[in-house]
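Notes for the one structure printed next.
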Amino acid sequence: QVQPVESGGGLVQAGGSLRLSCAASGRTFIMYTVGWFRRAPGQEQEWLAAIIWGGTTTYYADSVKGRVTISRDNAKNAVYLQMNNLKPEDTAVYYCAAKAGSTAWGVASTYDYWGQGTQVTVSS
């Protein structure tokens, strides 16, 4: 079992950048596919990116492709989401989640372990 813990959220101006971190307690993160999701007020949960277990294969939602980068640091047992050129519509609570397996990486219901979320607010 693994427990993700997010950090790195905050208030940033439009056009700025943030790097969110997802640290794992328990088992090593390399054994899990890790995804980033977000939920804006009044909106449905949205998948953003995933990095597949054991390696560096990554996938991105079209809505954020080119502005975000997901990566992992196995030595630190962490996964990161670098977000650039942030927009006010990126304001949301951001979650990381972990799962075994390498399919359905964009489907929230297939993830077993979730962090508590970190708030990102982008001002115009």
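Note that the structure is predicted; figures quoted are calculated from it, not measured.
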### Given Val79, Thr56, Leu20, the one that forms side chain to side chain contact (heavy atoms under 4.5 Å, CB included) with Ile70
Val79
Residues 33-42 side chain polar contacts: donor-acceptor under 3.5 Å, at least two apart:
from: Thr33; atom 1: OG1; to: Trp53; atom 2: N; distance (Å): 3.2
from: Thr33; atom 1: OG1; to: Gly101; atom 2: O; distance (Å): 2.5
from: Arg38; atom 1: NE; to: Glu46; atom 2: OE1; distance (Å): 2.8
from: Arg38; atom 1: NH1; to: Asp90; atom 2: OD1; distance (Å): 2.8
from: Arg38; atom 1: NH1; to: Tyr94; atom 2: OH; distance (Å): 2.9
from: Arg38; atom 1: NH2; to: Glu46; atom 2: OE1; distance (Å): 3.1

#### Entry: Same apolar cluster: Ile30 and Ile52, side chain cutoff 4.5 Å
no
### Which atom of Asn84 lies closest to which atom of Gln82, heavy atoms considered
OD1-NE2, 2.9 Å
Would you list the atom pairs, donor with acceptor, under 3.5 Å between side chains in residues 6-13 and any protein atom, with sequence neighbours excluded?
from: Glu6; atom 1: OE1; to: Gln116; atom 2: N; distance (Å): 3.0
from: Glu6; atom 1: OE1; to: Gly117; atom 2: N; distance (Å): 2.9
from: Glu6; atom 1: OE2; to: Cys96; atom 2: N; distance (Å): 2.8
from: Glu6; atom 1: OE2; to: Gly117; atom 2: N; distance (Å): 3.3

### Task
Say whether Leu48 and Tyr113 are linked into one hydrophobic cluster, either directly or through other cluster members, by side-chain heavy-atom distances under 4.5 angstrom.
yes
### Message
For Ala100 versus Tyr32, what's the shortest heavy-atom pair and its separation?
### Response
N-CD2, 4.0 Å
### Message
Quick check for you: to the nearest 0.5 Å, what is the distance between Leu81 atom CG and Ser21 atom OG?
### Response
9.5 Å
### Query
Donor-acceptor pair, Thr91 side chain versus Val122 backbone, under 3.5 Å?
yes
### Hydrophobic cluster identity match, Val64 and Leu18, side-chain contacts under 4.5 Å
yes
### Task
Check Trp114 against Ala108 and note the closest heavy-atom contact, atom names and distance.
CZ2-O, 3.4 Å
### Query
Do Phe29 and Pro4 come close enough that some side-chain heavy atom pair is under 4.5 Å?
yes
### Query
Looking only at heavy atoms, which two atoms of Met83 and Val120 are closest? And how far apart?
CE-CG2, 4.1 Å
### Straight-line distance of Trp47 CH2 to Tyr59 OH, nearest 0.5 Å
9.0 Å
### Task
Examine distances only and state if a side-chain atom of Trp105 and a backbone atom of Val107 form a donor-acceptor pair shorter than 3.5 Å.
no
#### Entry: Non-hydrogen atoms of Ala104 and Tyr111 that approach each other most closely
O-CE1, 4.3 Å
### Task
First locate atom CG of Asn85, then atom CZ of Arg67, and finally report the distance between them rounded to the nearest 0.5 Å.
6.0 Å
### Message
Nearest 0.5 Å, please: how far is OG in Ser71 from CZ in Arg19?
### Response
7.0 Å
